[in-house]
Amino acid sequence: QVQLVESGGGLVQAGGSLRLSCAASGRTFSSYRMGWFRQAPGKEREFVASIRGDSGTTYYADSVKGRFTISRDNAKNTVYLQMNSLKPENTAVYYCAAGQLLPVDVTVGRNYDYWGQGTQVTVSS
């Protein structure tokens, strides 16, 4: 069982930055693939970024490439999402997720086993 707790959300002006953190419980953090997803009001949940626990290989949604960076610190059981050049359309609840290291589509939410409660990110224009 893995428990995930996100933090770092808040209100920021367009063009600003935020860093989200996701602290995970358990001793096998490095064996999980970690992902960030987001859900805006009235929209479906969408993939943002993922990172493997073994190789550190990352994958991003096209909409955030070059602006967002996912990273992890296995010693601290924490994954991060650095978000720069934020836009109003990035406003959403951001969720952290953990999944096993299997050859699956990392952009699909059902391929993750554990989810955090989410943290609100609001970008004002």
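The structure presented is a predicted model; accordingly, all values stated were derived computationally and were not measured. Starting from 1, each residue takes its place in the sequence as its number.
A donor-acceptor contact closer than 3.5 angstrom links the side chains of Ser17 and Asn84. If you check the side chains of Arg72 and Asn77, you find no donor sitting under 3.5 Å from an acceptor.
In this structure, Trp36 and Arg38 have side chains that are not in contact, with every pair of non-hydrogen atoms separated by 4.5 Å or more. Taking 4.5 Å as the limit, some side-chain heavy atom of Met83 sits within range of a side-chain heavy atom of Leu20. Residues Ser71 and Gln82 form no side-chain contact, since every pair of their non-hydrogen atoms from C-beta on lies 4.5 Å or further apart. The closest side-chain heavy-atom distance from Cys22 to Val5 is not below 4.5 Å. Side-chain contact between Arg52 and Leu101 is present, with at least one heavy-atom pair separated by less than 4.5 Å. In this structure, Gln100 and Asp113 have side chains that are in contact, with non-hydrogen atoms separated by less than 4.5 Å.
Annotation for Pro88 and Ala14: closest pair CD-CB, 4.1 Å, computed over non-hydrogen atoms. When all heavy atoms of Ala97 and Tyr112 are compared, the closest pair comes out as CB-CD2, 3.6 Å. In terms of heavy-atom proximity, Asn74 sits nearest to Ser30 at ND2-CB, 3.5 Å. A pairwise comparison of heavy atoms in Phe29 and Ala24 identifies CD1-CB, 3.5 Å as the closest pair. For the pair Gln120 and Ala92, the tightest heavy-atom approach, listed with the atom from each and the gap, is NE2-O, 3.4 Å. Here the closest non-hydrogen pair linking Cys96 and Met34 is SG-CE, 3.6 Å.
The hydrophobic clustering, which links ILVMFWY residues whose side-chain heavy atoms are closer than 4.5 Å, places Leu81 and Val12 together. Tyr59 is not connected to Phe68 by any chain of hydrophobic side-chain contacts under 4.5 Å among Ile, Leu, Val, Met, Phe, Trp and Tyr, and they are in different clusters. Residues Tyr80 and Leu86 are members of separate hydrophobic clusters, defined by side-chain heavy-atom contacts under 4.5 angstrom among Ile, Leu, Val, Met, Phe, Trp and Tyr. Ile51 and Val48 fall within the same hydrophobic cluster, defined by Ile, Leu, Val, Met, Phe, Trp and Tyr side-chain heavy atoms under 4.5 Å apart, directly or through other members. Grouping the Ile, Leu, Val, Met, Phe, Trp and Tyr side chains by contacts below 4.5 angstrom, directly or via other members, places Val106 apart from Leu4.
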The test is side chain to side chain contact (heavy atoms under 4.5 Å, CB included); show your working for Asn90 and Arg67 and say whether it passes.
CA-CA 11 Å; Asn90 298 143; Arg67 297 188 300 119; 3.1 Å; yes
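Other residues, nucleotides and ligands contribute more than 12 heavy atoms inside 6.0 Å of the CD atom of Glu46. Annotation: Tyr114, atom OH; neighbour count of heavy atoms from other residues, nucleotides and ligands within 6.0 Å is above 12.
Ring geometry for Phe47 against Phe37 counts as perpendicular: the plane angle is over 60°, on a 0 to 90° scale with 30° as the lower cut.
Using a distance-only test at 3.5 Å, with no hydrogens or angles considered, no donor-acceptor pair links the side chain of Asn111 to the main chain of Val104. Gln13 contributes no side-chain N or O that, together with a main-chain N or O of Val123, makes up a donor-acceptor pair within less than 3.5 Å. Counting only distance, with no hydrogens or angles, the side chain of Ser85 and the backbone of Gly15 share no donor-acceptor pair below 3.5 Å. One N or O on the side chain of Thr119 and one on the backbone of Gly9 form a donor-acceptor pair closer than 3.5 Å.
Because its NZ or CZ atom is not both nearer than 6.0 Å to the ring centre of Tyr95 and within 45° of the ring axis, Arg45 does not count as a cation-pi partner of that residue.
For the atom pair CD (Gln1) and OG (Ser25), the distance works out to 7.5 Å, reported to the nearest 0.5 Å.
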